[in-house]
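Bear in mind that the values here come from a model prediction, so they are computed numbers and not experimental data. Letters go in sequence order (proteins before strands), and every chain restarts at 1.
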2 protein chains.
Amino acid sequence: MISPSTRRAAAKPNAEPPLSRDAVVDRGLAIADTEGLSGVSIRRIAQDFGVTPMALYWHVKNKDELLDAMGDRILEVIQIPSEQTALGSDGLRQLLSVLIDALRRHPGCTTLAQARILQCDTGRQLAEQALRILRDSGFSVQQSSNLARAALQTALVLVADRPGAETAVPEEERDAVMAGKRAALHNLPADRFPNLVECADSLTDCPDESEYYAEGIELYIAGVQSLARRRVVTAG
Amino acid sequence: MISPSTRRAAAKPNAEPPLSRDAVVDRGLAIADTEGLSGVSIRRIAQDFGVTPMALYWHVKNKDELLDAMGDRILEVIQIPSEQTALGSDGLRQLLSVLIDALRRHPGCTTLAQARILQCDTGRQLAEQALRILRDSGFSVQQSSNLARAALQTALVLVADRPGAETAVPEEERDAVMAGKRAALHNLPADRFPNLVECADSLTDCPDESEYYAEGIELYIAGVQSLARRRVVTAG
DNA sequence: ACCTGAACACCGTTCAAGT
DNA sequence: ACCTGAACACCGTTCAAGT
């Protein structure tokens with residue numbers, strides 16, 4: 001007696017995994033990671049599974065729903081910090097940190113996660129915690145909303161636009177594209193753009209990723225703390 | 001003797017403007033404004049001009065070049081503040097403000113402007129000024145680069161993701177889409193998501209745009225000032 | 001329950017040809 | 001210099017049909 005998986009492997013040497021909603025979503029993320037989000041298409045995924053494009057429509061309503069599911073998947077891996085540990089500005093730091101860690105697994109797909117952040121449970125928990133911390137700090141409903149949005153956007157932008165990321169371009173071309181941009185800055189007229197020339201390398205490369213993210217988080221936190229102090233002084 | 005423009009108007013009641021590179025770029029922006037960026041296509045623009053799609057390829061190399069030109073056009077209108085007026089953190093505020101004003105004219109196209117900011121002259125002047133101010137404040141090359149990038153991204157995100165903007169969706173559907181999102185937040189279980197429910201309206205609507213932008217700018221400035229003070233204390 | 005074939009309405013783009 | 005016709009290789013999606 002041959003198991004189904006063995007039979008499949010025998011029939012197809014290039015052992016494609018069985019078609020399923022989860023497998024389709026994972027394949028979409030894998031394509032986006034290596035070739036950019038524009039490389040993701042129903043037909044392309046079908047081809048990777050050795051199946052006709054219309055087969056996917058059994059597992060997924062349409063392409064929009066697939067993209068939504070990819071966004072949800074990115075956020076699903078997040079372990080929400082408990083309410084006890086996530087207090088004050090250090091709580092905000094933690095929330096930003098766990099979100100960034102999740103997004104970094106698929107840096108070319110941050111827009112998908114952004115679209116789903118208030119639609120999926122993990123994203124809602126993240127937003128709820130951020131709002132709670134900000135409200136507890138004394139910010140108004142309107143300010144807390146805007147600051148919570150700014151927190152999420154900070155994480156998204158830090159990952160999506162990390163210097164030298166070039167996630168929109170296929171993997172093999174990324175180095176070349178980045179080198180081109182850097183050269184363009186270096187070749188700028190030094191009399192008109194002295195600072196751009198001086199900063200050419202540091203604008204296009206990220207020598208220390210963990211420092212980069214830590215400083216990006218810190219800029220946001222410092223801003224929030226500063227606004228909180230002003231609030232106390234003004235309203236107090 | 002009939003002038004060319006009269007002849008054209010007579011031949012076609014729906015007086016299409018003459019085809020030109022500038023006109024094509026403007027049409028692209030107009031379509032993006034009303035129908036979202038995904039509504040912009042070579043074939044659609046050609047149709048608007050009453051011309052065959054291939055006619056556009058005389059005025060524009062390909063679609064990527066068209067999108068680049070649209071991004072450049074958005075940034076071209078910016079009046080760069082003079083070096084004298086743009087000093088210190090107030091200079092950064094001014095730079096953010098002029099950039100935001102330009103982006104607000106085409107809120108669905110911020111990604112196009114983002115891609116061109118270090119490639120077109122206006123964008124480079126903006127970046128150069130920001131870097132100069134940050135360097136003058138004592139930040140290192142690496143920090144100034146990251147903070148200047150953060151400034152540009154702050155402007156882009158404030159405009160692109162303004163609550164209730166929904167720029168990806170055609171104009172007529174925007175109200176309905178936003179109302180749906182708001183309702184979803186209101187209907188969340190109040191025991192699990194008390195703050196999301198409380199903030200439902202302010203997360204999905206922007207009652208006062210100029211206050212929204214002013215506070216967004218202030219968050220960034222407050223962060224930079226706070227980091228600058230720390231720098232002095234630590235290094236000083 | 002799960003997949004295929006044929007068809008439709010869209011894309012961007014090339015290339016030779018027209019005026 | 002500026003535009004067209006025909007063709008190609010892609011999309012997403014529907015719908016009836018197969019097993």
**Prompt:** Taking the side chain of W58(B) as heavy atoms from C-beta outward, which of dA1(D), dG5(D), dC3(C) is closest to it?
**Reply:** dA1(D)

**Prompt:** Once you round it to whole Å, what is the distance between P of dC11(D) and CG of L37(A)?
**Reply:** 14 Å

**Request:** Measure from the side-chain N and O atoms of R73(B) to the backbone N and O of D22(B), and report whether any donor-acceptor pair falls under 3.5 Å.
**Result:** yes

**Value in whole Å for how far the C1' atom of dC10(D) lies from NZ of K63(A)** = 12 Å

**Prompt:** What's the CD-P distance between E65(B) and dG12(C), to the nearest Å?
**Reply:** 15 Å

**Message:** Measuring only between side-chain heavy atoms, which start at C-beta, is R162(B) closer than 4.5 Å to T167(B)?
**Reply:** no

**Prompt:** Does a nitrogen or oxygen in the side chain of H59(B) sit under 4.0 Å from OP1 or OP2 of dA1(D)?
**Reply:** no

**Prompt:** For S41(B) and dC11(C), is the shortest distance between a side-chain N/O and OP1 or OP2 below 4.0 Å?
**Reply:** yes

**Protein-nucleotide distance (Y57(A), atom OH; dG18(D), atom C1'), rounded to Å** = 20 Å

**d(CZ, F49(B); P, dT4(D)) in whole Å** = 13 Å

**Request:** Please state how far atom CZ in R44(B) lies from atom P in dA9(C), giving the value in whole angstrom units.
**Result:** 18 Å

**Request:** Give the rounded distance in Å between these two atoms: CG of N62(A) and P of dT14(D).
**Result:** 7 Å

**Item:** Evaluation steps, side-chain contact (heavy atoms from CB on, under 4.5 Å), between Q79(B) and D101(B)
**Value:** CA-CA 10 Å; Q79(B) 295 281 358; D101(B) 287 344; over 6 Å; no

**Prompt:** Paired with dG5(D): which nucleotide, if any, by Watson-Crick or G-U wobble criteria at under 3.5 Å for both distances?
**Reply:** dC15(C)

**Complete:** Paired to dC10(D) by Watson-Crick or G-U wobble criteria (both distances under 3.5 Å) is none

**Fill in**
Of the candidates dC3(D), dT4(C), dC11(D), the side chain of R43(A) sits closest to dC11(D)

